[in-house]
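Heads up: the structure comes next, in structure tokens.
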Amino acid sequence: MPKTQETVLEIDLSALKHNYDYLKSKLQKNTKFLAVVKAFAYGNDADEIALYLQNLDIDYFAVAYTGEGVALRDAGVTKPILVLHPLPIGFSAIIDRCLEPSIYNEKVLNRFMQMASDKNQKNYPIHLKFNTGLNRLGFSENAVDEIYSKLNTSDVVRVESIFSHLAASEDLSEKEFMRHQINTFKNISEKFKNLFGYQPMLHMCNTSGILNYPEAHFDMVRSGIGLYGFGNSEKENKNFRPIAALKSVISQIHDIEKGETVGYNRAYKSIASMKTATIPIGHADGIGRPYGKGKGYVIIAGKKAAIIGNVCMDMIMVDVTGIDCEEGDEVIVFDATNTADELAHSANTISYELITDISQRVKRIIKK
Ligand SMILES: *Cc1c(COP(=O)(O)O)cnc(C)c1O
């Protein structure tokens, strides 16, 4: 890659392939793989990522909202797409674009069945989401009977899968609660099988679930963050390769005297003469204000340069005292070695938030 001359997010598809292969190596041969590409594939580029994964042997995609699924269809994604959190206003589009809804309560089930019936559907695939302890979305365990009495009398929809979500799959101190969730899920699937006379596909694990709970892989797993290169632990991070590098350039360098201030609200005051660099990336690009005031940093000439003062909308100022650099030089915000995970921790957040925050203003460059 030639050195960048503006703020860009470089996406390395060979790293994506590496992460996919690593996750697949954790699965039994016949376990299906669902790639979670919600939120622009975690801030990367949903179209490019999904089209690339579609050419590998991915079985399913998932997005959060209906509009994200429609965008993938427009981009040419033909594999099944599960919409994790559809709202009734999008049900017409779901059916028109062959998306598959997660159905998480009775109201949503009724509304979707009505729409499927209005559109003369038969056996339209739906996915039943059960709440086993996260208390976010999903039917409760004892809803299976009601669901049965509703579905038993109609053939407009067909249950393609039943699924649940672990509350703390990355936190090994929560093993007992995860086992409790897994058992609850097994009970639900048993109950379903007894009533319906067949068993749809079962799935429960996200990335950390894949790594930590092989006994809960069931028929399919759902991975997001792992594909993008993070394993949610120091040990597992070594097995993944972050696919994205966020780079920028130095626009201007200033020599600052002792006692001068830098940036809005004069939030930084120099205690000695120093050198600062201004970088064209700010909170509108996804580097939020919590990274300011010395918490976050960028890498210039291989050295850490702290973000000083307040993060502006379009710029940050960093301390480059003692760093051999000039205007036009490349700046690394994060890459495969200076990871988004570490940078996120500097501002008390997690990789998920930092990478999904990189705004659409930042140009994406795909490395094939
Ligand atoms: C986002 C999401 C995932 C993916 O989780 P990762 O930790 O990124 O692998 C899986 N399942 C559901 C229901 C989700 O909302």
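Every number for a ligand or one of its atoms is a count from 1 in the order of the listing.
Near ligand 1, residues Val36, Lys38, Tyr42, Leu84, Arg136, His165, Asn206, Thr207, Arg222, Ser223, Gly224, Ile225, Tyr352 each place a heavy atom inside the 4.0 Å sphere around the ligand atoms.
Listed by first then second residue, pairs satisfying side chain to side chain donor-acceptor pair (under 3.5 Å) with a partner in residues 34-50 number zero, not counting sequence neighbours. For residues 155-168, the set of pairs meeting the side chain to side chain donor-acceptor pair (under 3.5 Å) definition, not counting sequence neighbours, comprises His127-Ser161, Thr132-Ser164, Arg158-Glu160, Ser161-His203, His165-Arg222.
Under a 4.5 Å side-chain heavy-atom criterion applied to ILVMFWY residues, the cluster that includes Tyr268 comprises Ile256, Val262, Met274, Ile308, Met317 as well.
In this structure, Phe196 and Phe192 have parallel ring planes: the angle between them is below the 30° cut-off, well short of the 60° mark.
Residues Phe163 and Phe218 keep their aromatic ring centres 6.0 Å or farther apart. For Tyr20 and Phe33, the distance between ring centers is under 6.0 angstrom.
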